[in-house]
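Chain A is the first sequence line, chain B the second, and so forth, proteins listed ahead of strands; every chain is numbered from 1. All values below come from the heavy atoms of this structure, side chains included, with hydrogens, waters and symmetry mates left out.
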Amino acid sequence: MLSTIAQLRAAVQQALIRAFGEAFATTDPMLVSASNPKFGDYQANVALSLAKPLGQAPRAIAEQLVQNLDVAELCDPPSVAGPGFINFSLKHSFLEEQLQAIRIDPRLGVEPLGAGKRAIVDYPSPNIAKEMHVGHLRPSVIGDCLARILEFLGYETLRISHLGDWGTPFGMLIAYLREAYPNALNDDSAINLGDLASFYRAAKRRFDEDTNFQDTARQSVVQLQAGDPETLKAWGIVCDLSNQTNQKIFDLMGLKPLILRGESFYNPFLSDVVAELDRLGLLVEDQGAQCVFLEGFTNKEGKPLPMIVQKSDGGYNYATTDLAAIRYRVTEDQVQRVVYPVGAEQSNHFAQIFQVGKRAGWIKEDHDFVHAPLGNVLGEDGKKLKSRSGEAARLKDLLDEAWLRADPDLYQLVCEQDWEAIALVLLEEPDWETAAARLSSDESLADNVAALKKTTIETVQRQVPIWLMGNEPVPSVAQPVVANIRQALEQRWVENRGLGAERSFQSILSDVQAIGISAIKYADLSQNRTSNYVFSYAKMLALQGNTAPYMLYAYVRIQGIGRKGGIDFSELDAKSPILLKEDVELTLAKQLLQLDEMLLMIDQDLLPNRLGQYLFELSQKFNQFYDRCPILQAEEEDVKTSRLILCHLTAKTIKLGLSLLGISVLERM
RNA sequence: GCUCCAGUAGCUCAGUCGGAUAGAGCAACUGCCUUCUAAGCAGUCGGUCGAAGGUUCGAGUCCUUCCUGGGGCGCCA
């Protein structure tokens with residue numbers, strides 16, 4: 001099915017030819033949605049731009065186009081307005097037809113325009129050996145979302161994680177593994193290194209304190225790259241540990257698994273890449289390093305900038321790896337399209353490797369390699385979050401905090417309790433002052449005590465949902481408080497969450513967790529991916545306005561109607577007419593029919609926030625419809641059925657749209 | 001020094017290829033639950049689109065200069 005806008009565009013194109021001749025066959029009709037509902041649904045602005053070439057008044061041009069337009073099937077007779085806009089108002093009968101068509105279409109009218117093509121979405125998952133922090137959210141969430149959208153558009157899509165699994169930090173971890181867990185290398189069953197966070201912290205501490213250990217660590221990198229079997233084994237253990245730990249968070253967040261193809265994967269191809277660049281005459285030796293000199297990039301002295309593909313010590317660097325990846329993807333993976341949702345600070349790097357990839361003949365005309373830059377996540381101070389300095393919030397903490405805050409009753413009850421004494425016991429310190437005195441900080445002791453209290457209490461509060469869920473044993477000191485919370489919560493949930501016959505305490509709590517995670521993902525996805533944003537709990541965990549819960553709620557309302565009326569939406573008579581009588585019904589219907597336009601646009605600009613915006617508007621329009629149009633209580637049977645169909649289509653659209661964002665719907669809230 | 005990105009309501013941000021009176025959400029304030037879930041709906045308040053020039057029928061959008069913030073610029077990834 002051709003989208004409405006495409007049908008109109010074709011019609012205006014025909015009119016251009018009829019009115020002004022074949023020369024205008026390729027003129028863009030400049031069709032866009034109307035800037036204001038009072039102008040109709042769509043407008044063509046082409047007449048204004050043709051004023052000069054045709055030497056006529058724009059209004060006269062518009063009139064001639066209208067004379068030649070054949071759109072009687074789609075809309076009311078078009079009108080010329082203002083300086084020469086052509087306005088189109090869609091006919092109700094056309095909208096009703098279109099709705100009937102997408103009703104029986106599992107794709108809701110969206111063309112699989114990528115069918116038969118293969119695409120790669122290459123996003124940096126958390127690097128091996130690093131604990132996930134909030135800065136890792138963007139690439140993972142946006143990368144997963146773009147992959148889902150391309151997949152839905154028909155592309156055979158590979159999600160590839162180009163993770164750093166070969167670089168310098170490994171030395172430290174391998175050396176620490178050998179030192180602290182010597183048995184791990186001989187006895188596979190002996191491996192229990194605890195979670196990655198503590199292992200990494202321990203290794204880092206060791207590395208920072210001891211210069212001898214630093215040497216050992218560097219030595220390990222050399223051994224690794226030389227292929228020493230024992231070192232490789234240690235490396236494998238560290239990678240497995242890292243992948244397992246991060247996989248848990250990926251699962252929790254509903255991110256689809258990645259093909260792990262890190263730097264180590266391309267290691268065997270690096271020398272070939274350099275040799276091929278040499279054969280092509282692109283390679284120049286400079287100060288002992290093998291370089292490709294770039295066009296359009298200069299250094300501080302204004303001389304051409306080299307891209308180093310082999311260091312003077314013979315080693316390779318990340319540019320080499322990325323080039324190898326490009327070559328592999330073209331020759332082995334046979335892809336047409338590669339999308340890199342990666343931080344904007346790497347724009348130069350991508351421009352450079354794409355340039356070299358093209359000059360080497362790997363990236364050809366029909367290949368589409370594109371960097372989709374991501375803005376930085378900034379700290380409260382407006383500076384980029386750095387994992388190195390350790391100030392970035394842990395991702396796991398953010399997810400737990402979201403769980404706590406996603407249900408207002410739960411959050412209120414937890415905040416009401418006095419946690420100070422419990423927190424101190426769990427901190428395993430005699431008193432706050434002693435604990436605070438150990439912190440290395442320039443602040444006064446009083447400030448340190450206050451800060452320590454706050455963070456410790458927050459840490460304990462984040463545990464509450466986990467304890468309530470029964471995932472971890474509740475420490476005895478916290479048991480009475482947790483029991484109280486549970487009791488009070490059960491009372492409230494009986495009243496406003498349907499706790500009892502329909503839902504168990506655990507299932508509600510689990511839904512609350514899903515809502516929290518959805519809110520976090522959506523907070524990221526709803527923003528233009530190129531803009532920086534300042535990380536803030538309050539913003540990411542908001543539950544009102546343009547948020548995931550808002551859209552989930554619209555969906556839940558529809559499910560509620562189904563339950564209340566004993567309706568099986570899929571059983572609604574396929575022949576029942578759709579009647580668009582009220583303004584809100586019309587508005588909702590038009591929104592439902594714009595999904596395909598939206599996704600077509602995203603295929604081009606790769607901006608998921610457009611889809612978020614679309615779904616928010618759809619939910620808004622549904623809520624207005626819900627507010628003003630009785631559905632189950634509709635007086636006439638055919639109106640009731642028509643409205644149920646609108647409900648069903650809305651639910652399907654929200655469900656599909658959210659699933660493309662990587663968010664699952666709930667049946668109840 | 002060179003270069004890339006950004007600057008829109010008190011806050012966070014949309015704004016399609018240049019198009020008609022620049023839009024949301026949050027915050028603040030006012031209404032609406034005996035009626036399909038109020039995580040909702042309706043409304044009020046809020047703007048020299050960083051500044052100045054230019055291009056033209058028309059500029060938040062394109063060009064130039066400047067200001068402010070952030071990123072990048074040879075052997076880290």
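Distances were taken from every side-chain heavy atom of A:Asn528 (C-beta onward) to each of B:rG15, B:rC75, B:rG25; the shortest belongs to B:rG15. Comparing B:rG19, B:rC13, B:rC75 by their closest approach to the side chain of A:Ser531 singles out B:rC13. Among the nucleotides B:rC76, B:rG40, B:rG74, the one closest to the side chain of A:Asn623 is B:rG40. Counting only heavy atoms from C-beta on, A:Leu305 has its side chain closest to B:rC73 among B:rC73, B:rG19, B:rC41. The side chain of A:Asn376 sits closest to B:rG71 out of B:rC36, B:rC41, B:rG71. Minimum atom distance to the side chain of A:Arg497 is reached by B:rA39, of the listed B:rU56, B:rC13, B:rA39. For A:Asn45, taking side-chain heavy atoms from C-beta onward, the closest of the listed nucleotides B:rA38, B:rG19, B:rC75 is B:rG19. Taking the side chain of A:Gln544 as heavy atoms from C-beta on, and the options B:rA39, B:rG74, B:rA24, the nearest nucleotide is B:rA39. Taking the side chain of A:Tyr626 as heavy atoms from C-beta on, and the options B:rA39, B:rC36, B:rA24, the nearest nucleotide is B:rC36. When distances are taken from the side chain of A:Lys564 to each of B:rC36, B:rC41, B:rG74, the shortest belongs to B:rC36.
You'll find a donor-acceptor pair under 3.5 Å spanning the side chain of A:Asn87 and the base of B:rA20, going by distance alone.
Contacts of A:Lys300 with the nucleic acid, taken as non-hydrogen atoms under 4.0 Å apart, include base atoms. Residue A:Gln620 is classed as a sugar-phosphate contact, given heavy-atom separations below 4.0 Å to backbone atoms only. Among the atoms of the strands shown, only primed sugar atoms or phosphate atoms (P, OP1, OP2) are found under 4.0 Å from some heavy atom of A:Tyr550. Residue A:Gln527 is in sugar-phosphate contact alone, with no base atom involved, counting any heavy-atom pair closer than 4.0 Å across all strands shown. At the heavy-atom level, A:Ser49 lies under 4.0 Å from base atoms of the strands shown. Using a 4.0 Å heavy-atom criterion, one finds that A:Arg668 contacts the bases of the nucleic acid, with or without backbone contacts as well. At a threshold of 4.0 angstrom between heavy atoms, the contacts of A:Ile561 are confined to the sugar-phosphate backbone, with no base atom among them. Within 4.0 Å of A:Cys647, counting heavy atoms only, lies no atom of the nucleic acid at all.
Checked for salt-bridge contact, A:Arg405 and A:Glu401 meet the test: a charged N lies under 4.0 Å from a carboxylate O. A:Glu635 and A:Lys640 are not joined by a salt bridge, as no carboxylate oxygen comes within less than 4.0 angstrom of a charged side-chain nitrogen.
When the C1' atom is used for both B:rC13 and B:rA6, the distance is 13 Å, rounded to whole Å. Rounded to a whole angstrom, the distance from the C1' atom of B:rG23 to that of B:rU30 is 23 Å. Separation of the C1' atoms belonging to B:rG70 and B:rG31 is 44 Å when rounded to the nearest angstrom.
For B:rA24, the base is not stacked against the aromatic ring of A:Phe616, per a cut-off of 5.5 Å between centres and 30° between planes.
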| Run the side-chain contact (heavy atoms from CB on, under 4.5 Å) check on A:Tyr316 and A:Val274 step by step: do they pass? | CA-CA 9 Å; A:Tyr316 302 102; A:Val274 174; 3.7 Å; yes

Pairs under 3.5 Å (Watson-Crick or G-U), crossing ones as [ ], inter-strand ones as |: RNA chain B comes out as (((((((..((((.....[...)))).(((((.......))))).....(((((..]....))))))))))))....

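Aromatic ring centres of A:His162 and A:Tyr266: separated by under 6.0 Å. Aromatic ring centres of A:Phe354 and A:Tyr340 lie closer together than 6.0 Å.
Taking only side-chain nitrogens and oxygens, A:Lys311 comes nearer than 4.0 Å to OP1 or OP2 of B:rC76. In terms of phosphate contacts, A:Ser619 brings no side-chain nitrogen or oxygen within less than 4.0 Å of OP1 or OP2 of B:rG40.
Stacking of A:Arg557 on the aromatic ring of A:Phe622 is not recorded, the 6.0 Å distance cut-off and the 45° axial limit not both being met.
Both A:Pro58 and A:His349 lie close to RNA chain B; mapped to their nearest nucleotides by heavy-atom distance, the more 5′-ward contact belongs to A:Pro58.
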